[in-house]
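Order of the sequence lines sets the chain letters (A, B, ...), proteins ahead of strands, with each chain counted from 1.
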2 protein chains.
Amino acid sequence: MLIDNLLEHAAQKCQQAGGRFTDKRRNILKNLINAKSPLSAYDLTELYNQNNDKKVQPMSVYRILDFFIEMKLVHKLPTLNKYVVCSHLSCQHSHQDQYFVVCKSCGDAQEISMNSKLTQELNESVSSVGFQLVDAQFELFGLCKNCSNQS
Amino acid sequence: MLIDNLLEHAAQKCQQAGGRFTDKRRNILKNLINAKSPLSAYDLTELYNQNNDKKVQPMSVYRILDFFIEMKLVHKLPTLNKYVVCSHLSCQHSHQDQYFVVCKSCGDAQEISMNSKLTQELNESVSSVGFQLVDAQFELFGLCKNCSNQS
DNA sequence: AGTAGATATGATACAACATAACATAAATTA
DNA sequence: TAATTTATGTTATGTTGTATCATATCTACT
Ligand SMILES: [Zn+2]
Ligand SMILES: [Zn+2]
Ligand SMILES: [Zn+2]
Ligand SMILES: [Zn+2]
């Protein structure tokens with residue numbers, strides 16, 4: 001999908017939720033969409049500042065990322081301290097539980113929707129030690145198709 | 001199990017692997033065993049220094065934690081930047097894949113052995129996007145029995 | 001249009017987590 | 001006892017993230 005369409009989708013989702021889609025936010029989201037791998041807040045700060053006269057502080061980038069996460073346009077990968085755009089940026093389906101698999105070799109990250117069997121397995125497994133599941137986002141590590149062919 | 005027995009087990013495992021179980025290592029492992037929740041490297045530094053005349057630097061604590069992780073006596077919870085002792089410290093069974101569930105309210109963490117159905121589900125799910133699973137440790141968040149009764 | 005309230009960003013400082021690099025000490029082995 | 005390996009000391013620095021208070025910009029209402 002063309003990037004301008006993605007950005008238009010994002011803008012709409014923000015406005016529907018009563019948030020603004022400012023130039024800074026658009027610019028930073030665009031950089032994250034174009035990224036081939038997850039980026040840190042500091043990566044995004046640097047990227048922004050390379051391409052703009054007006055500079056931005058990491059603090060602002062963190063706030064903008066928090067906003068996008070709230071809007072479910074961006075996900076954080078907590079073990080990497082990096083951020084990716086939601087792979088459902090362009091589609092309408094309300095966002096469900098997801099997890100990520102990250103390639104140990106090239107760093108590429110794939111968002112995977114949790115299927116019901118997996119959800120059930122996790123819930124049962126967690127219940128077995130007396131816990132009640134609240135938040136099931138997580139990251140696994142592996143090799144992507146490209147990288148496992150090369151090795 | 002009594003703490004001295006646990007430490008004795010740990011010492012043996014270290015020696016079998018050609019590592020030393022020094023006083024610092026013993027002391028730090030003991031603090032982590034006694035902790036009710038996961039601790040950070042800086043927490044452990046502070047704990048050590050409160051109880052000992054000879055002080056230790058965070059750098060050393062990181063090294064000691066790395067050593068214990070190598071020995072599979074300690075696990076790191078990457079999303080929390082904290083560490084816990086392996087719940088199988090005292091038993092002999094060779095360590096298999098595990099994950100953790102952390103109580104959002106009290107911070108308590110439970111180690112859970114991955115059962116075969118769950119492993120299979122994860123493998124299938126990951127394969128479906130062309131990835132090959134390498135490392136399946138992760139953390140989930142929920143409420144423990146105590147905390148969900150209180151609320 | 002003017003104002004009040006909400007939302008967004010600027011700016012500075014600092015906290016928390018982690019590693020690099022080089023030196024010394026202590027234990028093991030030859 | 002000398003050489004080698006393992007463990008720790010020491011200092012500096014890198015990376016990630018938050019707190020706080022000020023200013024700007026947008027929105028909605030009179
Ligand atoms: Zn998503
Ligand atoms: Zn790859
Ligand atoms: Zn374990
Ligand atoms: Zn709890």
Expressed in angstrom and rounded to an integer, what is the separation of [X] atom [atom1] from [N] atom [atom2]?
X	N	atom1	atom2	value
A:Y48	C:dT9	OH	C1'	11 Å
A:R25	C:dT9	CZ	C1'	9 Å
A:N27	C:dT9	CG	P	12 Å

Can you confirm whether A:K30 is buried at NZ, in the sense that more than 12 heavy atoms of other residues, nucleotides or ligands lie under 6.0 Å from that atom?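 No, NZ of A:K30 has 12 or fewer neighbouring heavy atoms, counting only those of other groups under 6.0 Å.
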
Earliest and latest nucleotide of DNA chain D, 5' to 3', sitting under 4.0 Å from a non-hydrogen atom of chain B?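 Footprint of chain B along DNA chain D, 5' to 3': D:dT5 to D:dT11.
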
Are A:T22 and C:dA8 close enough that a side-chain N or O sits under 4.0 Å from OP1 or OP2?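 Answer no for this pair, as no side-chain N or O of A:T22 is under 4.0 Å from OP1 or OP2.
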
Does A:Y62 place a side-chain N or O at less than 4.0 Å from the phosphate oxygens OP1/OP2 of C:dA8?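 No, because none of the side-chain N or O atoms of A:Y62 sits under 4.0 Å from OP1 or OP2 of C:dA8.
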
Starting at CG of A:N115, measure out to CD of A:Q120 and round the result to the nearest 0.5 Å.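 With rounding to 0.5 Å, CG (A:N115) is 10.0 Å from CD (A:Q120).
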
Cluster link B:L65 to B:L47, ILVMFWY, side chain under 4.5 Å: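 Yes, B:L65 and B:L47 fall within the same hydrophobic cluster.
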
Flag yes if A:V102 and A:L39 sit in one hydrophobic cluster, no otherwise; membership is Ile, Leu, Val, Met, Phe, Trp, Tyr, and two members link when side-chain heavy atoms are under 4.5 Å apart.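 No: no chain of side-chain contacts under 4.5 Å links A:V102 to A:L39.
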
Would you list the pairs meeting side-chain hydrogen bond (donor to acceptor under 3.5 Å, both in side chains) in which at least one residue belongs to residues 8-17 of chain A, sequence neighbours left out?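 side-chain hydrogen bond (donor to acceptor under 3.5 Å, both in side chains) check on residues 8-17 of chain A returns no pairs.
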
Restricting to pairs with a member in residues 15-72 of chain A, which pass ring-ring contact (aromatic ring centres under 6.0 Å, His included), not counting sequence neighbours?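 Residue pairs passing ring-ring contact (aromatic ring centres under 6.0 Å, His included), neighbours aside: none found.
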
Touch class at under 4.0 angstrom, heavy-atom based, for A:Y83 against every strand present: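 Sugar-phosphate: the residue A:Y83, judged by heavy atoms under 4.0 Å, touches backbone atoms but no base.
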
Base, sugar-phosphate, or nothing for A:G19, non-hydrogen atoms under 4.0 angstrom?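 Sugar-phosphate contact only.
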
Would you say the ring centers of A:F100 and A:H75 fall short of 6.0 Å from each other?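 Close enough - the centres of the two rings lie under 6.0 Å apart.
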
Under-3.5 Å N/O pairs linking protein and nucleotides 10-14 of chain C:
unit_1, atom_1, unit_2, atom_2, d
C:dG10, OP1, A:K24, NZ, 3.1
C:dG10, OP2, A:S60, OG, 3.0
C:dG10, N7, A:R63, NH2, 2.7
C:dG10, O6, A:R63, NH1, 3.2

Quick one: which protein N/O atoms are closer than 3.5 Å to N/O atoms of nucleotides 24-30 of chain C? Pair and distance per line, please.
none

For the residue pair A:T79 / A:E139, report whether a side-chain donor-acceptor contact shorter than 3.5 Å exists.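 A:E139 vs A:T79: donor-acceptor pair found between side chains.
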
Could you tell me if B:Y99 and B:S113 have a donor-acceptor pair between their side chains, going purely by distance under 3.5 Å?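 No, B:Y99 and B:S113 have no side-chain donor paired with an acceptor closer than 3.5 Å.
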
Between A:D23 and B:D66, just flag the one whose closest nucleotide in DNA chain C comes earlier from the 5' side.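 In this pair, the answer is A:D23.
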
Indicate the ring-plane relationship of A:H88 and A:H95, choosing parallel, tilted or perpendicular according to the 30° and 60° boundaries.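 Because their plane-to-plane angle is over 60°, the rings of A:H88 and A:H95 count as perpendicular.
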
Which ILVMFWY residues are connected to A:L2, directly or by a chain of links, through side-chain heavy atoms under 4.5 Å apart?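 None; A:L2 is a cluster of one.
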
